[in-house]
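Just below is one structure, and these are the notes that go with it.
Naming: A, B, ... by sequence-line order, numbering from 1 per chain.
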Amino acid sequence: MDSSSSQTEFDYLFKLLLIGDSGVGKSSLLLSFTSDTFEDLSPTIGVDFKVKYVTVSGKRLKLAIWDTAGQERFRTLTSSYYRGAQGIIMVYDVTRRETFTNLSDIWAKEIDLYSTNQDCIKMLVGNKVDKESERVVSKKEGINFAREYGCLFIECSAKTRVNVQQSFEELVLKILDTPSLLAEGSKGVKKNIFKQKPPQSDASTSSCC
Amino acid sequence: MSSLLTPTQRYAAGALFALALHQAQIHQTRPLGGSLPTDEEDSTGERISSGSSSDSVSEDPGLWVHESSGLLRPVFRFLEIDSTAWLGLEETAGSSPAKSHIGAFLRLLSEESGASSEMTDKEHALSKAIDVMAQSMETTTVISNSKKEKHREYEHECREKYSVADMQSKSEQVNVHFETQPATNFNVRSEEGPSGSDNKSDERPVEEVMMLNYQKKVTVLYELLSACLADLPEDNKKRMRQRKGYDARHRVALRLLATWFDLNWIQVEAIETIVASSAMALAKEQESKQEETQSPKSSWAKWRRGGIIGAAALTGGTLMAITGGLAAPAIAAGFGALAPTLGTLIPVIGASGFAAAASAAGTVAGSIAVAASFGAAGAGLTGSKMARRIGSVDEFEFKPIGENHNQGCLAVGIFISGLVFEEEDFLRPWEGLSENLERYALQWESKNLIAVSTAIQDWLTSRFALELMKQGAMMTVLSTLLVALAWPATLLAAADFIDSKWTIAVDRSDKAGKLLAEVLLKGLQGNRPVTLVGYSLGARVIFKCLQCLAETEQNAELVERVVLLGAPISIKDENWEAARKMVAGRFMNAYSTDDWTLGVAFRASLLTKGLAGIQPVDVHGIENVDVTELIEGHSSYLWATQQILEQLELDTYYPVFRSTPAEP
């Protein structure tokens, strides 16, 4: 999967969402994916947003990725970001069991409750596999959960960047395989209300920028 | 404690403000409840996945919520929202549909607890102070009933003097009128008051607002307003906004937010007054170096004070950024008059309550923009200077009306008459208004205006016209003119009669518009949002002013609202979209399909291109209001304007035109 950040032309625009308990590494995962770096991050406040341009199987894609805060106090907030997402990434920490059990107790329910997209692709990501010695959630458990819940599954490490690109790529490939999601993300329905104004207003007034 | 809100609450407040700001920009071209319903956006948004369907905010510098507009980030910084969260907030504001986000953030605002009891106490003190302030402002409004009486007298006088001819024509043409010109209300639902049901669902989309208590709402608005006015000294990034002070777009966003909060606008006006007067009182205090501020030594307080001292050292006449310009001389003389504005609160909320409110207020006051000083030059002086420079405009002068001067009003209204028979007609049509604005009437080119108005009047009472009206011909005249194929010979004569004077007046109004734009660009209104209202040629002044602004400005930071009444402005020849863009809030065009005086004066050749004063302007975001029933003839604007303005409910965020006046 090639990626370049300078590119602004794209064929499809997909909205992806990262959810999961606080401290499982959602923001790190995103940072690792978008800028190939890893650093200690403070807890996300509310939501963060990043854009990444990628080319997957010949399609130029723009990924708008929403990174939500895992902290309980922001839980109320995340609900409004499920709407319209084509892909949802549920992240847990393989060294903390409760982050895994909370997926079925909390996060999966949230998705059912708030996601507006029937076909939306879900992916389970077990993060922090670099801490193999501290692992408490086995890969097998992850696979079983994914099978039961009907979602993709991968284990990765934001720190070592193992499987980070792959996780997003797999998700995007699946979205590209789903016609209804593809239709949503295609440029045809892309609408920017400020660009729908009558042409003359654009011509006369917005030359400045 | 530099804020009355917890960090999470400030985050939520910042988010709501961002959402409101973005929605306000959308409503610029798609007013709520308009013929292009915002529902459409919402419903399609739901069907087609919203988030994926719009570009991200960071890629569209034209957006108000974009970093380059400089509207949001200073507010975030003031609220001490962690800078890592800014991008997410901006993008959230830009992602549709806003409704679900509004609900979520409101919930966040209400759920978050953990405020210390000290904060809650302060919150109560503050909201109480605001209540009292709002009450006292409402009382002032009630007093204005006597002004209404005066206005009725004025109406009576005017009618006797000027409307004979018009009224005759009206009474004779009524029956035909409805066939030829079916009154259509574009964009505006005239039947509903502000409480109209479908309306409500539009801008009060969220039941979460019920979870918020009143004190919290008021506190949030207070902090946001302060943030809007604040001028953070550490903001050394390249500044995108050319001027500091109170941006019209900020005010519109606050207005929408108040609507979401289900608060009356007068509460926000009370907040504005408290913020402004405490800022000025504090500055005064600093100037005389009497004592320390009572605010605790947080880092905020420190630089805030630093900001004040620095500003005070800079110039003797500080704080002109928000109060200067038009009011400069009066303010300079009357700082003392402001302290009482706050002082009146003490008996009601008690000294300790006042201290709490004051310390709450004080957390902000120090940081309010001190951008520039205009010295003691009032607009009269400046105006005449400019007039000499531009040359052909002989008279251009602002005259204060109403009592709201030097009261810490953070919004300015400029009212412009167009049809004038004597000098007092510049002032009297506007005197009975009850808006809480610092109001000014623009007196301009009285010689020319009186000449043209008298010429029109003379012609109306002339034999020709009376004859025509007797034959009931006038009712069809306008539709004829609109078709503009055949001109009745008598009308040609009329046009000639009025023509030369009219041409001069139109030319002068264009120039006056340019002057007005210059005044606004220079910030003589004190960098406060301006509401422009004008009828007849006065409306043309405003329109030309907006066009001039459009040439130099990129955005609507100066003008908050515009009302054009009976405007002699061509529809097709002018760039209405550009003018619309210069207005942050509502843009109203009131027209009368019967106003044939305007039609005659404006000439048939131009009528084929449309005329704003007699037709709706079909441009997105312009509220067209049919006032045919209130306007008997062009000169009716002299006295009917006030009623029209009342029915328009300028202080309401969304388009409204009450079909029945508040009082009989």
Side-chain angles (χ1 to χ4, degrees), chain A residues 8 12-17 27 41-42 44-51 62-64 66-69 71 73-86 114 116-117 120 181 183-198 200-206 208-209, chain B residues 7-8 11-12 15 25-26 29-30 41 44-63 68 81-82 84-85 87-92 95-97 99-105 107-108 110-112 114 208 550 554 575-578 580-582 619-621:
Chain A
T8 47
Y12 297 102
L13 170 64
F14 294 132
K15 175 180 172 180
L16 309 180
L17 183 69
S27 302
L41 299 169
S42 49
T44 306
I45 299 162
V47 282
D48 197 9
F49 174 87
K50 285 204 163 53
V51 168
K62 176 179 174 181
L63 305 179
W66 293 90
D67 172 26
T68 63
Q71 287 173 318
R73 62 187 171 129
F74 290 114
R75 188 75 42 88
T76 161
L77 212 59
T78 35
S79 62
S80 59
Y81 290 88
Y82 288 92
R83 178 189 292 267
Q86 280 93 16
Y114 298 117
T116 55
N117 241 330
C120 144
L181 299 177
E184 286 175 12
S186 76
K187 267 193 122 178
V189 285
K190 183 173 83 84
K191 58 187 171 67
N192 180 329
I193 48 144
F194 296 108
K195 287 175 180 158
Q196 279 182 0
K197 275 189 297 188
Q200 69 265 32
S201 76
D202 276 351
S204 55
T205 58
S206 58
C208 43
C209 354
Chain B
T8 310
Y11 174 80
Q25 190 181 17
I26 292 175
T29 43
R30 305 183 169 195
E41 177 216 354
T44 50
E46 266 165 55
R47 238 183 315 112
I48 321 169
S49 104
S50 46
S52 69
S53 57
S54 60
D55 281 343
S56 67
V57 167
S58 57
E59 285 161 17
D60 191 348
L63 295 181
S68 68
I81 297 171
D82 196 303
T84 52
L87 188 66
L89 285 182
E90 286 168 358
E91 293 295 338
T92 302
S95 70
S96 65
K99 242 180 214 182
S100 51
H101 290 308
I102 298 166
F105 282 106
R107 213 176 307 129
L108 184 66
S110 62
E111 275 175 7
E112 167 82 3
E208 279 87 351
Q554 304 189 359
N575 191 340
W576 286 82
E577 286 86 1
R580 179 66 189 89
K581 237 184 136 186
M582 290 301 112
V619 167
H620 294 330

Where is the tightest heavy-atom contact between [X] and [Y], given as atom of each residue plus distance?
{"X": "A/Thr116", "Y": "A/Gly84", "answer": "OG1-N, 2.9 Å"}
{"X": "A/Ser80", "Y": "B/Ser100", "answer": "CB-O, 3.6 Å"}
{"X": "A/Ala85", "Y": "A/Asn117", "answer": "O-ND2, 3.1 Å"}

| Does B/Arg580 use its side chain to pair, donor to acceptor, with the backbone of B/Val619 at less than 3.5 Å? |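 Absent.
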
| query | With a 4.5 angstrom heavy-atom cut-off, which part of B/Tyr11 approaches chain A: side chain, backbone, both or neither? | reply |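 The side chain, not the backbone.
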
| query | A/Ser79 versus chain B, heavy atoms under 4.5 Å apart: side chain, backbone, both or neither? | reply |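 Answer is side chain: those atoms of A/Ser79 sit under 4.5 Å from chain B.
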
| request: Can you tell which part of A/Val47 gets under 4.5 Å to a heavy atom of chain B, answering side chain, backbone, both or neither? | output: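 When you check distances to chain B, atoms from both the backbone and side chain of A/Val47 fall under 4.5 Å.
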
